[in-house]
Colleague: 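Let me begin by handing over the structure; questions about it come next.
By convention in this document, chain letters (A, B, ...) are assigned in the order of the sequence lines, proteins followed by strands, and residues within each chain are numbered from 1. Just so it is clear, the structure is predicted and the values come from calculations on it, not from any experiment.
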Number of protein chains: 2
Amino acid sequence: MTLTNNSKRRKELVAIAARLFFEQGYERTTVRILAEAMGIKSGSLFHHFTDKQAILCAVIESGMQSAMQIAHEALEGVQDPQDKLLALTKAHLSTLLTDRNAHVVALYEWRSLTPESLHHLVGLRDEYESLWRSVIQECIQADVLHGEESVVRHFALGALNWTVQWYDPQGQRTPDDLALALVNLLMDRTHFN
Amino acid sequence: MTLTNNSKRRKELVAIAARLFFEQGYERTTVRILAEAMGIKSGSLFHHFTDKQAILCAVIESGMQSAMQIAHEALEGVQDPQDKLLALTKAHLSTLLTDRNAHVVALYEWRSLTPESLHHLVGLRDEYESLWRSVIQECIQADVLHGEESVVRHFALGALNWTVQWYDPQGQRTPDDLALALVNLLMDRTHFN
DNA sequence: GTCTATAAAGAGATAGAC
DNA sequence: GTCTATCTCTTTATAGAC
């Protein structure tokens with residue numbers, strides 16, 4: 001019951017781990033710190049997860065899945081390519097900056113995964129990137145964006161993923177403001193207000 | 001002689017540490033691994049550095065200084081705001097992707113610094129960002145870039161800093177190609193070829 | 001499912017000889 | 001400046017009782 005358990009309790013534990021991995025980084029977060037935050041002793045942790053790395057894997061899986069779900073919801077019913085790009089950008093920043101945990105860990109801590117876990121998760125990552133690929137391709141074909149798709153996509157996602165390094169949730173700008181600013185920067189002249 | 005030693009030997013050791021921190025991350029690189037790569041025993045390491053974190057500090061300092069120096073050289077004699085932006089972008093990608101070590105560590109491993117080291121290095125970082133601030137401000141005033149300076153700067157640097165996550169040195173694109181692509185993406189329509 | 005207790009390994013760092 | 005030897009502490013993980 002350890003590997004494929006999606007009980008409410010397990011989700012709580014994964015959420016707590018996500019918060020700590022986000023705040024301190026995976027390597028610096030010990031199993032004792034994790035257990036204490038979960039209200040249990042460190043030995044009990046290994047009843048829920050086979051090892052520490054499995055916790056990271058669960059956090060990253062949860063981060064990718066929530067990013068994917070919110071992105072799909074954001075795109076629902078949207079037709080115009082530029083509107084799609086804005087919606088996708090807002091969705092991405094929303095999971096990154098509002099619920100600043102699992103998605104951030106998914107972006108920054110993949111190096112600590114075992115090859116097996118990486119192999120398991122790489123499909124999710126590719127699925128998410130495919131969403132971006134198709135929307136950016138549409139924008140290029142509609143002539144509102146210019147450049148090679150893969151380069152534009154990597155630059156856009158880089159600009160977004162780096163926001164976690166400088167964004168201040170207490171500041172005056174909302175994630176949606178930032179999304180608008182990026183899309184306006186990438187496209188010729190201002191199209192949105 | 002440990003703290004303020006810039007001998008050739010010390011620079012070699014810092015360069016080796018930079019490579020390992022870049023490849024495996026700071027936390028996962030043990031002092032034994034460092035020492036082995038340096039051709040000495042782990043005990044000898046502490047003749048050169050007070051502790052492990054001091055090695056990281058030296059690596060980051062070296063990364064910031066080389067980024068700064070190359071940026072200054074790139075800007076020398078350049079007058080046009082767009083040309084300055086392109087030069088600065090090329091310089092940044094050059095230190096990040098060609099000599100893929102100390103500058104990358106400087107960007108990604110600041111969380112493992114002690115408050116004292118951070119305080120020591122934050123001035124260097126601010127100095128480097130000021131270069132970017134002034135060039136982007138010039139571009140906005142010259143009407144070739146649009147938006148708030150700080151937002152544009154963070155997005156541009158984010159897009160650049162994220163390249164280390166996906167750039168393939170064996171691929172067909174050079175760092176200079178990428179720099180051109182980014183500047184063209186940020187500015188209205190294509191200005192450079 | 002959680003506890004206590006602890007094994008086993010690895011980490012950073014030190015001391016003193018050469 | 002490097003070595004050997006080792007200390008001390010922390011880490012992940014396990015075993016068995018409750």
Colleague: Tell me which nucleotide among D:dT2, D:dA13, C:dG12 gets nearest to the side chain of A:D51.
Modeller: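 My answer, after comparing the listed nucleotides, is D:dA13.
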Colleague: Compare all side-chain heavy atoms of A:L96 with those of A:L107 and state whether any distance is below 4.5 angstrom.
Modeller: yes
Colleague: I'd like to check A:L45 versus A:I55 (side-chain heavy atoms, cut-off strictly below 4.5 Å). Are they in contact?
Modeller: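 Side chain of A:L45 against side chain of A:I55, heavy atoms only: contact under 4.5 Å found.
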Colleague: Once you round it to whole Å, what is the distance between P of D:dG1 and CZ of B:R9?
Modeller: 9 Å
Colleague: Rounded to whole Å, how long is the line connecting atom CZ of A:F49 with atom C1' of D:dT14?
Modeller: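 So the two atoms are 18 Å apart, to the nearest Å.
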Colleague: Centroid-to-centroid, B:W162 to B:F155, below 6.0 Å?
Modeller: no
Colleague: Looking at C:dG1, I'd like to know if its phosphate oxygens (OP1 or OP2) sit under 4.0 Å from a side-chain N or O belonging to A:S44.
Modeller: no
Colleague: Is any side-chain N of the basic residue among A:R10 and A:E61 closer than 4.0 Å to the acidic one's carboxylate O?
Modeller: no
Colleague: Report the nucleotide, chosen from C:dG1, D:dT12, D:dG1, that has the shortest atom-to-atom distance to any side-chain atom of A:H47.
Modeller: C:dG1
Colleague: What is the separation between atom CG on B:L56 and atom C1' on C:dG12, rounded to the nearest whole Å?
Modeller: 15 Å
Colleague: In terms of side-chain heavy atoms of A:K52, which of D:dT2, C:dG12, D:dA13 is nearest?
Modeller: D:dA13
Colleague: For DNA chain C, which residues in residues 21-43 of chain A have a heavy atom at a distance below 4.0 Å?
Modeller: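 Going residue by residue through residues 21-43 of chain A, the ones with a heavy atom under 4.0 Å of DNA chain C turn out to be A:I40, A:K41.
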Colleague: Quick one, A:W132 and A:L160 - any side-chain contact, counting heavy atoms below 4.5 Å?
Modeller: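 Touching, per the 4.5 Å side-chain cut-off.
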Colleague: I would like to know whether B:E73 and B:Q69 meet side-chain hydrogen bond (donor to acceptor under 3.5 Å, both in side chains); could you show each step before the answer?
Modeller: CA-CA 6 Å; B:E73 288 170 8; B:Q69 190 197 324; 2.9 Å; yes
